[in-house]
Trainee: 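Quick one: this structure, given as structure tokens, is what I'll be asking you about.
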Amino acid sequence: MIKFLDLQKINLQHQEEIERKLLEVFRSGWYLMGGELTHFEKNLSNYIGSKHAIGVANGLDALRLILRAYIELGFMNPGDEVIVPSNTYIASILAISDNGLIPVLVEPDTKTYNIDISKIEEKITPKTKAILIVHLYGRIIFSEELKKLAGKHTLKIIEDNAQAIGAEWNGLKSGNLGDAAGFSFYPGKNLGALGDAGAITTNDEKLNKTIRALANYGSNQKYVNIYKGLNSRLDEIQAAVLDVKLKYIDKENNIRRNIAKRYISDILNPKIILPENPEAEKEHVWHVFVIRSEKREELQAYLTEHGIQTLIHYPIPPHKQEAYKEWEMLPLPISEKIHQEVLSLPISPVMEEEEIQKVIEVLNRF
Ligand SMILES: *Cc1c(COP(=O)(O)O)cnc(C)c1O
């Protein structure tokens with residue numbers, strides 16, 4: 001069976017280094033808010049090019065905390081609107097509604113699967129305060145036009161960078177394009193921890209301070225609480241593991257890029273719609289390699305039968321989820337079509353040449 005993603009193999013590449021770190025933290029007797037976290041935050045902000053990086057408990061918390069901080073700073077209020085792509089993973093949307101803000105869904109472009117920037121302005125109202133862009137599947141969505149639009153309407157640009165760590169746009173890393181960015185280090189992400197983990201990057205000093213307090217019970221001084229905060233921390237074990245793996249992220253993303261290139265040049269089946277490689281290759285880190293087919297269920301069964309594991313990102317669009325039943329009637333035909341047709345092929349930094357070849361051959365015979 002060719003696994004969709006072999007996490008064990010990915011992490012065992014760094015077995016010696018990671019095990020040494022785990023033992024070191026275990027023996028140190030210090031498990032939260034220590035040197036490993038400080039170290040990782042410093043290395044992450046250096047890597048991204050941002051002034052600040054804040055380790056938090058997971059990617060959803062990262063996004064929740066950014067929006068919550070903008071509320072505490074008076075930039076937005078519950079009831080305000082945040083624009084978000086309609087085909088994103090549910091967490092981007094949960095972060096908005098969890099803060100009492102209103103998600104405003106905008107359809108994606110079928111070529112990139114990212115938000116269609118030309119459809120944003122018509123959704124802007126006096127209540128709109130931010131655009132939450134999502135670099136979906138690992139591909140950057142950003143442009144001068146988007147920046148101008150945000151400037152014109154005084155909107156914050158928040159990046160959901162859960163899937164695109166290491167991607168680059170015009171020499172800038174994703175996570176350093178907007179006003180603040182949320183990262184997820186869920187084990188299956190391109191930079192994955194051994195459990196839940198996340199981070200926020202920003203160049204905004206006030207936002208940094210507010211988020212640090214909010215994530216620590218609303219306190220920036222022990223036993224003094226200025227906000228009704230939460231507890232969202234990145235522990236020392238996860239920080240240490242991530243610090244080891246961060247060193248290899250560029251190398252691993254390049255392996256993903258090479259596999260994507262092979263798939264795009266060698267899968268030659270008219271029944272399959274392939275994703276496009278962006279002109280600037282660095283804009284994509286191929287978190288997932290998503291193809292489309294009108295016969296998706298049949299194709300997935302065929303691949304399983306031939307020993308190739310696939311996943312669907314994602315089977316149900318957010319507006320068709322029980323959790324958001326108030327959106328059931330929203331007309332979002334592009335998202336619905338995408339959700340019916342997408343299928344993600346195996347792609348990872350540890351795929352073997354024979355596995356890549358087999359995926360190509362089996363798909364060409366479909
Ligand atoms: C994974 C993911 C999240 C949430 O991250 P967690 O660490 O799982 O909470 C948010 N947005 C997107 C686009 C994701 O892929």
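Values below: every heavy atom of this structure, side chains too, minus hydrogens, waters and symmetry copies. Whatever order the structure lists ligands and atoms in, that order sets their numbers, starting from 1.
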Trainee: Give the numbers and elements of all ligand 1 atoms closer than 4.0 Å to a heavy atom of A162.
Mentor: 2 (C), 3 (C), 10 (C), 11 (N), 12 (C), 14 (C), 15 (O)
Trainee: In this structure, are over 12 heavy atoms from other groups packed under 6.0 Å from K42 atom NZ?
Mentor: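 Open: at most 12 neighbouring heavy atoms sit under 6.0 Å from NZ of K42.
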Trainee: Does K271 make a cation-pi contact with F366 (under 6.0 Å, within 45 degrees of the axis)?
Mentor: yes
Trainee: Kindly check if the number of other-residue, nucleotide or ligand heavy atoms within 6.0 Å of CZ (F26) is above 12?
Mentor: no
Trainee: For atom 8 (O) of ligand 1, what's the nearest protein heavy atom and its distance?
Mentor: S184 OG, 3.9 Å
Trainee: Does ligand 1 have a heavy atom under 4.0 Å from the side chain of N58, from its backbone, from both, or from neither?
Mentor: both
Trainee: Measure the distance from atom 15 (O) of ligand 1 to every protein heavy atom, then report the residue, atom name and distance (to 0.1 Å) of the closest one.
Mentor: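 Here the nearest protein heavy atom works out to Q163 NE2, 2.8 Å.
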Trainee: For G229 versus R68, what's the shortest heavy-atom pair and its separation?
Mentor: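 Reported closest heavy-atom pair: N-NH2, 4.4 Å.
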Trainee: G59 heavy atoms, cut-off 4.0 Å: which ligand 1 atoms fall inside?
Mentor: 5 (O), 6 (P), 7 (O), 9 (O)
Trainee: Among all protein heavy atoms in this structure, tell me which lies nearest to atom 11 (N) of ligand 1, with the distance rounded to 0.1 Å.
Mentor: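 Checked against all protein heavy atoms, atom 11 (N) of ligand 1 sits closest to D160 OD2, 2.7 Å.
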Trainee: Suppose I only count heavy atoms of L60 and a 4.0 Å limit; which atoms of ligand 1 are within that range?
Mentor: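 Ligand 1 atoms under the 4.0 Å threshold to L60: 4 (C), 5 (O), 6 (P), 9 (O).
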Trainee: At their closest point, which heavy atom of V84 faces which heavy atom of S92, and how far apart are they?
Mentor: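 For V84 and S92, the tightest heavy-atom pair comes out as CG2-CB, 4.1 Å.
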Trainee: Identify all side-chain donor-acceptor contacts of residues 178-189 below 3.5 Å with residues at least two apart in sequence or on another chain.
Mentor:
residue, atom, partner, partner atom, Å
D179, OD2, I157, N, 2.7
S184, OG, Y186, N, 3.1
S184, OG, K189, NZ, 3.4

Trainee: Count the heavy atoms belonging to other residues, nucleotides or ligands that lie under 6.0 Å from CE of M329, then report whether that count exceeds 12.
Mentor: no
Trainee: Look at atom 10 (C) of ligand 1 and say which protein heavy atom is nearest, naming residue and atom and giving the distance to 0.1 Å.
Mentor: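 Answer for atom 10 (C) of ligand 1: A91 CB, 3.4 Å.
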Trainee: For atom 2 (C) of ligand 1, what's the nearest protein heavy atom and its distance?
Mentor: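 In this structure, atom 2 (C) of ligand 1 has K189 NZ, 2.7 Å as its nearest protein heavy atom.
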